[in-house]
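See below for the structure under consideration.
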Amino acid sequence: MALIVQKYGGTSVADIDRIKAVAMRAVETAKQGNKVIVVVSAMSGETDKLTAFAHDITGRPDEREMDMLLSSGERVTSSLMAMAIMELGYGSISLTGRQVGIITDSSHTKAMIESIGSDRLKEALDENKIPVVAGFQGINELSDVTTLGRGGSDTTAVAIAAALNADICEIYTDVEGVYTADPRLVPDTRKMERISYDEMLEMASLGAKVLHERAVEFAKKYNVPLVVRSSFNNAPGTLVTKEDGDMEKSVVTGVAHNKNQARITIMGIPDRPGIAAAIFDDIAKANLNVDMIVQNISVSDNATDLSFTVSKAESEKALEITQKVSDKLNAKGVDMNKDVAKVSIVGVGMQSHFGVAAQMFDVLSKNGINIMMISTSEIKVSCVIDVGQVDAAVQALHDSFELAKQ
Ligand code: ADP
Ligand code: ASP
Ligand code: MG
């Protein structure tokens, strides 16, 4: 008998028929002699709808209230799913993050899980029930509801799988697995049979939203075998696992992109020690995540420009803080560009190959795509470009690195 955690994303539970179909899949898995825990997302579009309601009231909604609001979406699905499972003659119980004992830090709207209780889940399993957990949420030490960031139900599932030492965590979604690029963007993209935790971690952090980055981090840390597959058919999915000798040996394994980016530039800052520290200290204190940073060398007037990227969602808050820092430093001014995106190539094979970055820059240039910022690590190269050119960039890079071929 295996313990299987099954997570179903928004499109997999988009309406009542889908919820019934998913309930059937969970019950079948249980009837094959397994213990099953289901984790659900909000019905597709629900989180966006609730977010839009908040923005109809205020430009900058209070984050604690956002968490109260958004956590309701997953609650709705979990109770409906429990009813659908019971209707099939199987025991079930819906549980919120609080009821499962998912304790997080207090970073509202992007909280990190600190611990998980297992008693309530074990009790349900011992009673032969299929517990249905509302994903994406927990509570902080004040018992206030927190959420884990967009896409965070994946993380709920993997964290539960780790806490209960599950045999496998299955992430059911609307594509058949992890592909060499977003299948909605590149028609000849190829499904991978397996991908290493490290490569998946890079892909997820660079925008491949098929898995939440923190979910992959948990899976890697606790060695949880993860399978990404479709809830719409029975095709085998992609196994995310430890790197081994059988894995594909290609230099570049995938292309990822992220359109949820904004670039902020402070112009004419005095070029002296301590300036970058002054800027990023204030930003860090506001709990904002900065991604790429580029500082120009001052050539003549001992003044320099500094640019950095943040997510679009955090850009207004970041702009406000940067404006204050800029005034304090007597800089010339601040500029924000929301029409930017990041395109990246990922692959562990890059570590031992020269010329991969050069090939990427060449492809972008041949396609008339201007690079605004660059960042590299051992297993990835990322470029910030105009958002209008990102689809073409992903396709061109996919072609150039021949990712459609095995
Ligand atoms: P869910 O609601 O099931 O959590 P998401 O929308 O969060 O689903 O994630 C699935 C989507 O991820 C796919 O529909 C696809 O467009 C997108 N995606 C981006 N990059 C990739 C990739 N490399 N492989 C598979 N899907 C990807
Ligand atoms: N409902 C949340 C979102 O849309 C969490 C999730 O689906 O994983 O981001
Ligand atoms: Mg998702």
Side-chain angles (χ1 to χ4, degrees), residues 6-14 18 22 39-52 66-67 69-78 97 109-111 133-138 146-159 170-193 195 199-216 226-232 235 237-238 240 252-260 311 313 341-347 390-391 394 397-398 403-404:
Q6 297 186 331
K7 179 260 170 178
Y8 293 95
T11 33
S12 301
V13 293
R18 288 298 314 155
V22 162
V39 175
V40 286
S41 284
M43 293 161 88
S44 122
E46 197 56 31
T47 311
D48 288 339
K49 189 180 91 190
L50 295 171
T51 305
M66 267 322 265
D67 279 351
L69 176 70
L70 296 189
S71 65
S72 67
E74 270 63 15
R75 251 176 117 129
V76 169
T77 332
S78 66
T109 74
K110 51 176 178 190
V133 180
F136 175 57
Q137 58 190 278
T146 52
T147 64
L148 310 179
R150 295 305 303 264
S153 297
D154 297 339
T155 300
T156 305
V158 179
E170 298 176 331
I171 306 287
Y172 284 94
T173 184
D174 55 4
V175 289
E176 288 183 8
V178 181
Y179 287 74
T180 47
D182 188 340
R184 292 187 198 289
L185 224 121
V186 180
D188 62 345
T189 180
R190 181 172 52 82
K191 183 168 82 182
M192 294 182 238
E193 236 175 79
I195 181 170
E199 281 174 315
M200 191 62 237
L201 200 53
E202 285 290 348
M203 290 284 283
S205 75
L206 296 169
K209 70 166 186 157
V210 64
L211 280 176
H212 195 231
E213 183 183 351
R214 295 274 302 150
V216 189
L226 259 185
V227 171
V228 179
R229 54 187 301 196
S230 168
S231 69
F232 295 80
T238 300
V240 188
V252 174
T253 16
V255 183
H257 71 280
N258 184 350
K259 294 183 182 177
N260 178 27
S311 72
K342 185 166 66 174
V343 60
S344 312
I345 51 172
V346 174
V390 77
D391 296 10
V394 173
L397 290 164
H398 197 268
L403 299 184

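Note that the coordinates shown come from a computational prediction; the quantities given were computed from them, not determined experimentally. All ligand and atom numbering here is 1-based and tracks the order in the structure.
Taking a cut-off of under 4.0 Å to the non-hydrogen atoms of A181, the atoms of ligand 1 that pass are 22 (C), 23 (N). Within ligand 1, the atoms closer than 4.0 Å to a non-hydrogen atom of V178 are 24 (N), numbered from 1 in the order shown. Remark: ligand 1 atoms within the under-4.0 Å shell around heavy atoms of M203 are 23 (N). The distance from ligand 1 to the heavy atoms of K7 drops below 4.0 Å at these ligand atoms: 4 (O). The G151 neighbourhood of ligand 2 comprises atoms 3 (C), 5 (C), 6 (C), 8 (O), 9 (O), with distances under 4.0 Å to a heavy atom of that residue. Distances below 4.0 Å separate heavy atoms of R184 from the following atoms of ligand 1: 13 (C), 14 (O), 15 (C), 16 (O). The distance from ligand 1 to the heavy atoms of G177 drops below 4.0 Å at these ligand atoms: 24 (N), 25 (C). Taking every non-hydrogen atom of S41 and a distance limit under 4.0 Å, the qualifying atoms of ligand 2 come out as 6 (C), 7 (O), 8 (O).
Residue contact annotation: G152 has a non-hydrogen atom under 4.0 Å from ligand 2.
Among all non-hydrogen protein atoms, the one lying nearest atom 23 (N) of ligand 1 is Y179 O, 3.0 Å. Annotation: atom 2 (O) of ligand 1 to nearest protein heavy atom, G10 N, 3.1 Å. For atom 8 (O) of ligand 1, the nearest protein heavy atom (residue, atom name, distance) is T173 OG1, 3.1 Å. Of all protein heavy atoms, the one lying nearest to atom 13 (C) of ligand 1 is D174 OD1, 3.5 Å. The protein non-hydrogen atom at the shortest distance from atom 4 (O) of ligand 2 is R150 NH2, 3.0 Å. In this structure, the protein non-hydrogen atom closest to atom 16 (O) of ligand 1 is D182 OD1, 2.8 Å.
Residue contacts with ligand 1 for V175 involve side-chain atoms from C-beta outward but no N, CA, C or O (heavy atoms, distance under 4.0 Å). At a heavy-atom cutoff of 4.0 Å, ligand 2 is contacted by no atom of E46, backbone or side chain. Both the backbone and the side chain of K209 come within 4.0 Å of ligand 1, counting heavy atoms alone.
With sequence neighbours left out, the side-chain contact (heavy atoms from CB on, under 4.5 Å) criterion links K49 to E46, F53. Listed by chain and residue number, nothing satisfies the side chain to side chain donor-acceptor pair (under 3.5 Å) test with R75 (two or more places apart in sequence, or in another chain).
Inspection of the S230 and E176 side chains reveals no N or O donor paired with an N or O acceptor under 3.5 Å.
In this structure, NE2 in H212 is found 11.5 Å from OG in S205, a value given to the nearest 0.5 Å.
Under 4.0 Å is where a charged nitrogen must lie from a carboxylate oxygen, and between R150 and D48 at least one such pair does. Classification of K209 and D154 as a salt-bridged pair fails, no side-chain N sitting under 4.0 Å from a carboxylate O. A salt bridge does not link R18 with D174: every distance from a Lys NZ or Arg NE/NH1/NH2 to an Asp or Glu carboxylate oxygen is 4.0 Å or more.
Checking side-chain atoms of T238 against main-chain N and O of M192 turns up a donor-acceptor pair under 3.5 Å. For T77 (side chain) and S41 (main-chain N/O), a donor-acceptor pair under 3.5 Å exists by modelled atom type. Between the side chain of S344 and the main chain of L206, no donor-acceptor pair closer than 3.5 Å is present.
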